[in-house]
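Notes follow once the structure below has been shown.
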Amino acid sequence: MKELVRSKLAQAVKELYGIEAPDFKVEKPKDEKLGDIATNIAFLLSKSLKRNPNEIAGDLANKLSEDDTFESAEAVRGFVNLKFSKGFLLSEFRKLLSEGEGYFKEDLGKGLKVQLEFVSANPTGPLHLGHGRGAVVGDTLARLFRFYGFDATREYYINDAGRQVYLLGVSVLYRYLELLGEEEKRPDIKELFEEEGYRGEYVIDIAKALLEAVGDSLLSENNVLEAKERILSFGFEFPLEYTSRFSPEKEPEVELCSAFGLDMMMEEIREDLSYMGIDFDVWFSERSLYERGLVEKLIEELKGKGYVYEAEGALWLKTSEFGDDKDRVLRKSDGSYTYFSSDIAYHWDKFKRGFEKVIDLWGADHHGYVPRVKAALRMLNIPEDWLEVYLVQMVKLFRGGKEVKMSKRAGTFVPLRELLEEVGPDAVRFVFLTKRSDTPLDFDVDVVKEKSSDNPVFYVQYAHARISGVFREVKERLGLDPEGEDFSGFLDHLEEDIELKLMKKSLMMKDELIEVTLRRDPHLITYLLIDLAGLFHYYYNHYRIIGSEEGVMKGRLALLKGVRTAIGLSLKLIGVSAPERM
RNA sequence: GGGCCCGUAGCUCAGCAGGACAGAGCAGGGGAUUUCUAAUCCCCAGGUCGGAGGUUCGAGUCCUCCCGGGCCCGCCA
């Protein structure tokens, strides 16, 4: 509707002054008493027309009051305030009723290929709350992008290369030996585990599964290949991708533990995500970049452009020439590559795969990492605005008014699964979207478990369920079917201001969702939902549907149907269920 | 020392590509239940938008400085 108003204003400016309108704002006024839509256009025109803003606003208001889209158009202190006419709102609302969710659609993306990379947690431990938040924000953005005509891909980057994976193997092996009472036999493993190992209980779980599958056959290095076969034939319910690819090189027993650990962890991560309703389209392996020689190729490419030099036995990239604080190491003096190298290679690969826009969600602790990646991309002649990075801040969990800091299972952090099991995916998703993702979030478990208006998730879902309840009741008592029958013709019978307001808010949801998408602010959807649900609850408490005069009742049923569509769609876009009853 | 983020009602936070008297929920006080789900609704009270300057017709929103809090500054990932 904003676009419609915008074009009418631009048209009016042209007719009145014979000039093109500047880039003006069309927005909801802070105070709804002022009207439905306001614009600052007169302020912007006042300079070029050399006239007082309020006079210009007056001209425009006069012009627009002739338009039957508007009930009124007024100039107030330089603003043009517009109020939609009842006729216009009714005809829009009828469109909503006949088109359903389709009414809210718009082809903004025109098929633009967008990739969203998020979560990408190291597969060396369970997902924690911060990962969950990134997952929800990323997935919601993906849903919005798809709804608005973008060709969006969800991708998870698996850091399955490098030292962390080796350390996972060491940790699993140590716990395995411990289970057999043999840890003293490998002082090298014990020492490394104690210094840098993963200490969470989940490693013991992996070791137990391993022990069950292979018995003590890993005690002797000669049996590693045999152990691999035993794992593969043991009948785990998850794909043993890493294990099956494993081939013995140096320290084969550690490597086998790594591979098996990766398989188990990735399975757990996939389960958590899918429990939250998130399915990735692509699981991209860091290791595959090395296997394809892409990291070497990248370095050759950068060398060819003259951005690489050698110093102190390492290979450096001149990122400082592109806005970074200092140059960064690509290849360490021991010959291994940094995470940075593979990460540039990864983004280079994304570019070559034809993504026209890439959005990364990273943990906020990576913020110092942004300039160097952007610097590298510029060296590769990748456009500045191709990559958008959003940082996701951490989540603190509160229970009984106190912060929950640790978990036995994960060690130093609270695993996402614990929260999911306690409050369910709907609450988790909703609450993760109640704050801007780049600021820290406090998650109060107790609030979300309450079944009252204190709990925003239930509050919104309840509005949806209530409408469904009315529809059920109408069907049973009167044999009417608001879902199937078309009552939109009875909207004329509605006389109350609040009914028009409910229509307006439902219709405006389209503009709001579009703005949320373009500004990448998915958290605002929860506020929009609370707002609309609140207005509905008020209405429900003050006006009866069943028992009103027949025309009014049918009009109200049509109204509720449209409101439910707006709520249902918004819930769907944030991935929260819209229950028929509660 | 440098960088990023934050500081809005007692609490948790919206609002920040400048705009009209600063919003919501919770907590606090008072009310509504012969009813389509009270898992709801209504009313009241509550703020010098951390502080000081600046830009502007107009600043919670932009700029500078200061104060307070969090996070990051590795040939780790």
Side-chain angles (χ1 to χ4, degrees), chain A residues 23 25 27 29-31 33-35 38-40 43-44 46-47 52-53 76-79 81 122 124 159 161-165 167 196 286 311-316 325-326 328-340 342-343 363-371 391 393-394 396 398 401 434-436 438-444 447 450-459 461-463 465-474 476-478 518-519 521 523-524 526-528 530-531 533-534 536-548 553 556-557 560 581-582:
Chain A
D23 188 19
K25 278 209 304 205
E27 58 186 6
K30 270 186 185 164
D31 186 342
K33 280 185 227 115
L34 294 165
T39 176
N40 64 344
F43 292 100
L44 303 173
S46 95
K47 259 183 197 154
N52 175 322
V76 183
R77 297 169 63 185
F79 290 89
N81 293 337
N122 285 339
T124 52
N159 298 121
R163 185 164 171 81
Q164 50 176 350
V165 171
L167 286 174
E196 297 180 75
E286 178 188 7
E312 300 159 60
L315 221 51
W316 296 73
D325 306 344
K326 53 180 183 176
R328 305 292 171 175
V329 171
L330 290 169
R331 196 179 60 211
K332 297 177 253 177
S333 51
D334 68 2
S336 65
Y337 294 99
T338 57
Y339 180 82
F340 179 48
S342 53
D343 219 19
D365 53 342
H366 285 63
H367 74 250
Y369 201 72
V370 179
L391 301 173
Q393 279 281 3
M394 56 190 216
K396 280 188 198 163
F398 286 81
T434 52
K435 263 197 91 170
R436 265 176 47 198
D438 64 353
T439 62
L441 174 77
D442 292 341
F443 194 125
D444 190 332
V447 166
E450 268 176 60
K451 295 191 168 184
S452 75
S453 57
D454 305 0
N455 179 346
V457 191
F458 279 84
Y459 185 79
Q461 288 182 318
Y462 184 45
R466 260 185 157 171
I467 296 176
S468 305
V470 173
F471 289 177
R472 270 195 305 276
E473 205 65 26
V474 160
E476 261 176 49
R477 289 204 211 168
L478 309 168
L518 295 177
R519 293 178 47 169
D521 268 337
H523 72 286
L524 294 179
T526 55
Y527 290 89
L528 293 167
I530 290 168
D531 196 38
F536 163 73
H537 284 309
Y538 172 90
Y539 179 63
Y540 183 92
N541 268 277
H542 289 82
Y543 298 90
R544 309 241 353 124
I545 291 109
I546 299 171
S548 329
M553 175 180 72
R556 289 182 174 170
L557 288 171
L560 292 201
R581 60 176 83 228
M582 294 173 73

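These values consider heavy atoms only, across backbone and side chains, with no hydrogens, waters or symmetry-generated copies. Throughout, protein chains are lettered first and strands after them, A, B, ... in sequence-line order, and every chain is numbered starting at 1. Being a predicted model, the structure only gives us computed values, none of them experimental.
Here B/A24 presents its P atom at 17 Å from NE2 of A/His537, a figure rounded to the nearest Å. Computed from coordinates, the A/Asp531 CG to B/G25 C1' distance equals 12 Å when rounded to whole Å. The distance between atom CZ of A/Phe398 and atom C1' of B/C11, rounded to the nearest whole Å, is 12 Å. As rounded to whole Å, 17 Å separates atom P of B/G31 from atom NE2 of A/His542. Whole-Å rounding puts the A/Asn541 CG to B/C43 C1' distance at 14 Å. For the pair A/Phe43 CZ and B/A59 C1', the computed distance is 14 Å after rounding to whole Å. Look at CD1 on A/Ile530: it is 13 Å from P on B/G15, rounded to the nearest Å. As a whole-Å value, the separation of A/Tyr543 OH from B/A32 P is 20 Å.
Rounded to whole Å, the P atom of B/C71 lies 31 Å from the corresponding atom of B/G60. Separating the P atom of B/G30 from that of B/G15 is a span of 34 Å, rounded to the nearest Å. Rounded to a whole angstrom, the distance from the C1' atom of B/U35 to that of B/G29 is 27 Å. Between the C1' atoms of B/G47 and B/U12, the separation comes to 15 Å (whole Å). Rounded to whole Å, the C1' atom of B/A9 lies 45 Å from the corresponding atom of B/G74. Rounded to whole Å, the separation between the P atoms of B/C16 and B/G23 comes to 15 Å. Comparing the C1' positions of B/U55 and B/U61 gives an interatomic distance of 14 Å, to the nearest angstrom. The same atom, C1', is picked in B/G68 and in B/A27; the two are 25 Å apart, to the nearest Å.
Ring pair A/Phe458/A/Tyr462: centre-to-centre distance not below 6.0 Å.
Proximity of A/Arg581 to the phosphate of B/A39: no side-chain N or O atom is located under 4.0 Å from OP1 or OP2. For B/C36, neither phosphate oxygen OP1 nor OP2 lies less than 4.0 angstrom from any side-chain nitrogen or oxygen of A/Arg466. An OP1 or OP2 oxygen of B/A17 is reached within less than 4.0 angstrom by a side-chain nitrogen or oxygen of A/Arg519. Contact between the side-chain N/O atoms of A/Lys25 and the OP1/OP2 oxygens of B/A17 is not found at any separation under 4.0 Å.
Between the side-chain ring of A/Tyr459 and the base of B/A39, no stacking contact exists by the 5.5 Å and 30° definition.
Here A/Tyr538 lies in heavy-atom contact (under 4.0 Å) with sugar-phosphate atoms only.
Side chain of A/Arg556 to main chain of A/Arg544: a donor-acceptor pair is present (N/O by atom type, distance under 3.5 Å, no hydrogens or angles). A donor-acceptor pair under 3.5 Å is formed between the side chain of A/Thr39 and the backbone N or O of A/Lys25. Using modelled atom types, no side-chain atom of A/Gln461 and backbone atom of A/Met582 make a donor-acceptor pair closer than 3.5 Å. When atom types are taken as modelled, the side chain of A/Tyr527 and the backbone of A/Thr434 share a donor-acceptor pair closer than 3.5 angstrom.
If you find the closest nucleotide of RNA chain B to A/Asp521 and to A/Tyr540, the one lying nearer the 5' end belongs to A/Asp521. Comparing A/Arg544 and A/Arg77, the nucleotide of RNA chain B nearest to each residue sits closer to the 5' end for A/Arg77.
Distance check: A/Glu473 CD to A/Ile545 CD1 gives 11.0 Å after rounding to the nearest 0.5 Å. Separation of atoms CG (A/Asn122) and CG (A/Asn159) is listed at 4.5 Å; rounding is to 0.5 Å. The CG atom of A/Leu478 sits 9.0 Å away from atom CG of A/Leu557, with the distance rounded to the nearest 0.5 Å. Here CD1 of A/Ile530 is found 10.5 Å from NE2 of A/His537. Values are rounded to the nearest 0.5 Å.
Looking at A/Phe471 and A/Leu560, their side chains come closer than 4.5 Å, going by heavy atoms from C-beta outward. Looking at A/Leu330 and A/Tyr337, their side chains never come closer than 4.5 Å, going by heavy atoms from C-beta outward. Between A/Gln393 and A/Lys435, every side-chain heavy-atom pair lies at or beyond the 4.5 Å cut-off.
A stem is defined here as three or more consecutive Watson-Crick or G-U pairs, each with both distances under 3.5 Å; for RNA chain B these stems are B:1-7 with B:67-73, B:10-13 with B:23-26, B:28-32 with B:40-44, B:50-54 with B:62-66.
If you check B/C36, B/C13, B/A20 against the side chain of A/Phe79, the one that comes closest is B/A20.
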When you compare the protein's N or O atoms with those of nucleotides 75-77 of chain B, which come within less than 3.5 Å of each other, and at what distance?
unit_1 : atom_1 : unit_2   : atom_2 : d
B/C75  : O2     : A/Ser333 : N      : 2.6
B/C75  : O2     : A/Ser333 : OG     : 2.9
B/C75  : N3     : A/Ser333 : OG     : 3.4
B/C75  : N4     : A/Glu312 : O      : 2.8
B/C75  : N4     : A/Glu312 : OE1    : 3.3
B/C76  : OP2    : A/Lys332 : NZ     : 3.1
B/A77  : OP1    : A/Lys332 : NZ     : 2.9
B/A77  : OP2    : A/Tyr339 : N      : 3.3
B/A77  : O3'    : A/Gln164 : NE2    : 2.6
B/A77  : O2'    : A/Asn122 : ND2    : 3.1
B/A77  : O2'    : A/Gln164 : OE1    : 2.6
B/A77  : O2'    : A/Gln164 : NE2    : 3.2

Restricting both atoms to N or O, compile the protein contacts to nucleotides 3-7 of chain B shorter than 3.5 Å, with distance only.
unit_1 : atom_1 : unit_2   : atom_2 : d
B/G3   : N2     : A/His367 : NE2    : 2.5
B/C5   : O2'    : A/Asp438 : O      : 3.3
B/C6   : OP1    : A/Arg436 : NH2    : 2.9

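With hydrogens and angles left out, the side-chain atoms of A/Thr124 and A/Gln164 include no donor and acceptor closer than 3.5 Å.
In this pair, A/Tyr339 and A/Tyr369 present their aromatic rings tilted. The plane angle is within the 30 to 60° band.
Donor-acceptor pairing under 3.5 Å, judged by distance alone, is present between the side chain of A/Asn81 and the base of B/A20.
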